[in-house]
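Residue numbering restarts at 1 for every chain, and letters A, B, ... go by the order of the sequence lines.
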Amino acid sequence: MRWSSLFIPTLRDAPAEAEAVSHQLLVRGGFMRQLQSGHYSMLPLGWRVHQKVAEVIRQEMDAIGAQEFHLPAMHPASLWQASGRWDSIGEEMFRLTDRKGVDLALGMTHEEVFTSLSLELSSYRDLPQIWYQIQWKFRDEPRPKSGLLRVREFAMKDSYSFDLDDAGLDRSFDLHHDAYLRTFRRLDLDAQPVEASSGAMGGSASIEFMVESDAGEDDVAICEGCGYAANVERATAVPAPVENRPGSDSPEAFPTPGVRTIAALAEAGHPPAHQIKTLVYRVDGVLTLILLRGDHPFLEQKFADATGAVDIVPAEADEIRAALDASPGSLGAVGVSDLEIYADEALRGRSGMTTGANEDDVHLTGVDVERDIAVDHWINVRGILDGEACASCGGTLRVARCIEAGHIFKLGRKYSEALGVTVLDAEGENRVPTMGSYGIGVGRAMAAVAETHHDENGLVWPMVIAPYEVVLTVVKVDHEESMAVAEKLYDDLRDAGVDVLLDDRDGRAGVKFADAELVGIPLRVTIGPRGIENGKLELTIRSNGEQVDVPADEVAGQLVELVTAGRAAGR
RNA sequence: CGGGAUGUGGCGCAGUCAGGCAGCGCACCUGCUUUGGGAGCAGGGGGUCGGCGGUUCAAAUCCGCCCAUCCCGACCA
């Protein structure tokens with residue numbers, strides 16, 4: 001393509017609302033524009049990258065025997081009612097009504113639709129199956145942010161596996177695991193597989209592929225020693241040992257006028273590690289006490305995963321007072337027998353603790369957790385802290401900000417059972433297939449690459465997904481020899497199947513160099529009178545800035561080699 | 001949903017406190033000069049100042065309501 005006739009609206013300044021680097025550069029480089037919060041228009045350059053990312057994913061899916069489908073984005077409510085998710089999902093799903101008054105949903109994921117197709121599987125001989133699509137998803141995100149990283153409308157590769165038994169599911173899961181590693185390697189994304197919560201979808205094994213980046217939204221605990229890596233929603237760690245303070249035969253009350261917080265109580269001589277934090281939650285409608293060490297954060301996701309609870313909301317002040325006769329800040333579990341009590345494992349064996357007395361302005365000290373509190377369930381619900389010890393090897397855990405580029409997990413039979421999918425096994429018995437669900441966000445992967453591949457001059461795309469692989473920068477377009485050389489090279493490269501861009505704009509060289517760098521094209525050939533006199537062209541490598549003079553008749557060959565090698569990187 | 005901030009030409013911003021002709025840089029158009037790293041000079045086009053209502057002789061500016069966008073949190077297959 002000729003730059004002079006393309007729509008590549010580059011900007012010298014990024015819009016003020018763009019904060020994430022990927023957001024700034026994708027807008028400045030003319031790859032995309034925002035239509036409204038969470039919705040972006042892909043411009044020609046952006047769409048080329050998007051399609052190339054999708055193509056890498058497609059190739060790796062096909063390589064594990066997955067079959068590509070294309071499903072509707074708009075679904076009947078009845079299908080989602082069949083799985084129970086019409087009611088359980090809530091506001092995140094876009095819903096609408098057609099002219100007949102029928103309820104519809106915009107698909108935010110496609111378990112239901114694919115599962116409904118699987119009703120046509122009838123024999124164990126039909127299994128396993130891996131089905132996928134690259135389709136638009138719609139999610140009414142409460143807060144879209146960071147450009148393409150969190151949007152309300154986006155392309156996702158989602159695949160689903162159907163197997164007869166757990167061993168089969170394990171195989172399908174592992175195939176995806178490896179395909180994802182290959183995919184991200186080819187995209188030059190350093191994506192670490194980490195243990196994750198499976199969230200509201202249910203299911204057992206759950207692995208997220210995480211790219212370290214400040215622009216991310218997830219925190220991952222990583223052990224440099226043994227390689228343990230887990231989303232903090234799930235991560236475990238060994239807290240630094242704490243010596244119990246001297247105990248007493250029974251808890252002793254003491255006045256604490258005005259003390260309402262962990263920090264205030266700490267100032268009164270009771271360090272957070274020696275306090276019991278008492279949280280009151282409404283868990284699926286039931287008032288419940290959750291106890292943690294004073295300095296440990298509560299992770300609702302861990303609680304949900306441990307208990308299977310769905311609806312976990314902090315209790316209101318008035319219901320707390322009705323149940324415990326005190327207000328937040330003076331709450332405790334000592335002597336409480338009519339509420340379910342959950343205690344974090346870090347409280348096991350602790351004594352000499354301080355906690356609220358369920359009487360405003362009074363606390364108890366000398367509390368022995370196991371002696372004085374009727375704990376119903378010991379669970380691990382605390383958020384781990386940076387620098388704590390790894391539970392597997394004792395090494396130091398580091399908590400890193402990450403972008404979730406992919407997620408794979410085992411669904412089990414939730415959907416196949418709900419929709420009544422059965423196949424006959426070798427004995428002629430009906431069996432319900434077990435499923436897996438696997439996703440990669442295409443736009444998010446593109447943004448993650450942008451986030452990790454740039455310098456002060458702009459983007460630096462890996463060859464596989466670069467919008468164009470080579471740009472021919474003609475320094476003087478009215479210099480006939482230059483144009484003749486450029487046109488010839490342009491034709492040769494196109495004949496060789498290279499995605500080549502001819503910058504034939506009548507502009508200053510500096511502007512054209514700056515644009516080529518901003519847009520991030522991996523290889524640039526500078527064509528001007530100066531080089532042509534010597535029969536040389538200048539080749540510049542975007543990633544390292546390296547420049548070499550190449551004899552004019554060897555340029556095409558060298559470029560083809562570089563492009564071919566670049567496309568194959570990571571394979 | 002809670003907290004914070006912002007809305008003035010395509011992009012970046014000043015002007016708002018203290019009401020009085022809507023400005024600047026970039027980009028765009030024309031001409032001349034220039035031309036291997038975001039050119040110079042001259043001329044020019046483009047804005048319901050987010051919206052609605054109010055106060056006032058007069059509102060980008062003051063008041064009220066609403067909308068949009070961004071950031072933190074909550075939330076998030």
**Report entry** Touch class at under 4.0 angstrom, heavy-atom based, for A/E517 against every strand present
**Finding:** base
Query raised in the report: Taking the P atom of each, how far is B/rG20 from B/rU33, in whole Å?
Result: 45 Å
Query raised in the report: B/rC41 and B/rG37: how far apart are their C1' atoms, nearest whole angstrom?
Result: 22 Å
Requested in this report: Give every residue pair that meets the salt bridge (Lys or Arg N to Asp or Glu O under 4.0 Å) criterion with at least one member in residues 288-304 of chain A, sequence neighbours excluded.
Outcome: A/R293-A/D295
Query raised in the report: Using a distance-only test with no angle check, is there a side-chain donor-acceptor pair under 3.5 angstrom linking A/E60 and A/T183?
Result: no
Requested in this report: Rounded off to whole Å, could you give me the CG-to-C1' distance for the A/D515 and B/rA27 pair?
Outcome: 12 Å
Query - Within residues 513-539 of chain A or reaching into it, pairs that qualify as salt bridge (Lys or Arg N to Asp or Glu O under 4.0 Å) - sequence neighbours excluded - result: A/R505-A/D515, A/E517-A/R524
Query - Touch class at under 4.0 angstrom, heavy-atom based, for A/S146 against every strand present - result: sugar-phosphate
Report task. Considering only atom C1', compute the distance from B/rU8 to B/rG12 and round it to an integer number of Å. Result -> 12 Å
Report summary line: In Watson-Crick or G-U wobble terms, with both distances under 3.5 Å, the base opposite B/rA58 is none
Requested in this report: Rounded to whole angstrom, note down the P distance from B/rU6 over to B/rG64.
Outcome: 16 Å
Query raised in the report: What integer number of Å spans the C1' atoms of B/rG15 and B/rA60?
Result: 8 Å
Requested in this report: Pull out every residue in residues 7-16 of chain A that has a heavy atom closer than 4.0 Å to any atom of RNA chain B, ordered by number, or say none.
Outcome: A/R12, A/D13, A/A14, A/P15, A/A16
Report summary line: Paired to B/rC52 by Watson-Crick or G-U wobble criteria (both distances under 3.5 Å) is B/rG64
Requested in this report: Go through the structure and list residues passing side-chain contact (heavy atoms from CB on, under 4.5 Å) with A/E212, not counting sequence neighbours.
Outcome: A/I222, A/R398, A/A400, A/C402
Requested in this report: Can you label the angle between the A/W131 ring and the A/F114 ring as parallel, tilted or perpendicular, going by 30° and 60°?
Outcome: tilted
Report summary line: note: A/R401, atom CZ; B/rG73, atom C1'; distance rounded to Å ~ 11 Å
**Report entry** Nucleotide B/rG73, atom P - distance to CZ of A/F298 in whole Å
**Finding:** 18 Å
Just distance, no hydrogens or angles: give the donor-acceptor pairs under 3.5 Å from side chains in residues 471-485 of chain A, sequence neighbours left out.
from: A/H479; atom 1: ND1; to: A/S482; atom 2: N; distance (Å): 3.1
from: A/H479; atom 1: ND1; to: A/S482; atom 2: OG; distance (Å): 2.6

Report task. Rounded to the nearest angstrom, tell me the gap between atom CD in A/Q301 and atom P in B/rA74. Result -> 12 Å
Report task. Would you please name every residue forming a side-chain contact (heavy atoms from CB on, under 4.5 Å) with A/L11, sequence neighbours left out? Result -> A/V27, A/R28, A/R33
Query raised in the report: How far, in whole Å, is B/rC11 from B/rG51 if one measures between their P atoms?
Result: 15 Å
Can you tabulate the close N/O pairs, meaning under 3.5 Å, that link protein atoms to atoms of nucleotides 33-36 of chain B?
from: B/rU34; atom 1: O2; to: A/R508; atom 2: NH1; distance (Å): 3.0
from: B/rU35; atom 1: O2'; to: A/K476; atom 2: NZ; distance (Å): 3.1
from: B/rG36; atom 1: O2'; to: A/R530; atom 2: NH1; distance (Å): 2.7
from: B/rG36; atom 1: O6; to: A/G528; atom 2: N; distance (Å): 3.3
from: B/rG36; atom 1: O6; to: A/G528; atom 2: O; distance (Å): 3.3
from: B/rG36; atom 1: O6; to: A/G531; atom 2: N; distance (Å): 3.3
from: B/rG36; atom 1: N2; to: A/E538; atom 2: OE1; distance (Å): 2.9
from: B/rG36; atom 1: N2; to: A/E538; atom 2: OE2; distance (Å): 2.9

Query - Mate of B/rC70 where both pairing distances stay under 3.5 Å, Watson-Crick or G-U - result: B/rG4
Query raised in the report: Do the rings of A/H110 and A/H75 sit parallel, tilted or perpendicular, given the 30° and 60° boundaries?
Result: perpendicular
Query raised in the report: B/rG37 P sits how many Å from A/K512 NZ, rounded?
Result: 13 Å
Query raised in the report: Under 4.0 Å: is that the gap between some side-chain N or O of A/Q34 and OP1 or OP2 of B/rC70?
Result: yes
Query raised in the report: Which residue, A/N457 or A/K145, contacts RNA chain B at a nucleotide closer to its 5' end, judged by nearest heavy atom?
Result: A/N457
**Report entry** Pairwise C1' distance, B/rG7 and B/rU61 [rounded to whole Å]
**Finding:** 14 Å
**Report entry** Those residues that, when tested against A/Y490, pass ring-ring contact (aromatic ring centres under 6.0 Å, His included) (two or more places apart)
**Finding:** none
Requested in this report: Could you tell me whether A/E91 contacts a base, only the sugar-phosphate backbone, or nothing, with contacts defined as non-hydrogen atoms closer than 4.0 Å?
Outcome: nothing
Query raised in the report: For B/rA68, does either OP1 or OP2 sit under 4.0 Å from a side-chain N or O belonging to A/S37?
Result: no
Query - Nucleotide forming a Watson-Crick or wobble pair with B/rA27, both distances under 3.5 Å - result: none
Query raised in the report: Is the shortest side-chain N/O distance from A/R143 to OP1 or OP2 of B/rA74 below 4.0 Å?
Result: no
Report task. Measure the acute angle between the ring planes of A/F303 and A/Y342, then classify it against the limits of 30° and 60° as parallel, tilted or perpendicular. Result -> perpendicular
Query raised in the report: Can you check the A/L299 CG to B/rG73 C1' distance for me, whole Å?
Result: 14 Å
Query raised in the report: Hey, does A/D158 reach any base, or is it just sugar-phosphate, or nothing, if we go heavy atoms under 4.0 Å?
Result: nothing
Query - Whole-angstrom distance between B/rC24 and B/rG47, as gauged at atom C1' - result: 14 Å
Query - Sequence-distant partners of A/D170, side-chain contact (heavy atoms from CB on, under 4.5 Å), two or more places apart - result: A/K410
Report summary line: For B/rA18, the nucleotide meeting Watson-Crick or G-U wobble distances (both under 3.5 Å) is none
Requested in this report: To the nearest Å, give me how far apart CZ (A/R505) and P (B/rA27) are.
Outcome: 13 Å
Query raised in the report: Is the A/H176 ring parallel, tilted or perpendicular to the A/Y438 ring (thresholds 30°, 60°)?
Result: parallel
Report task. May I have the distance from A/L518 (atom CG) to B/rC26 (atom P), rounded to whole angstrom? Result -> 19 Å
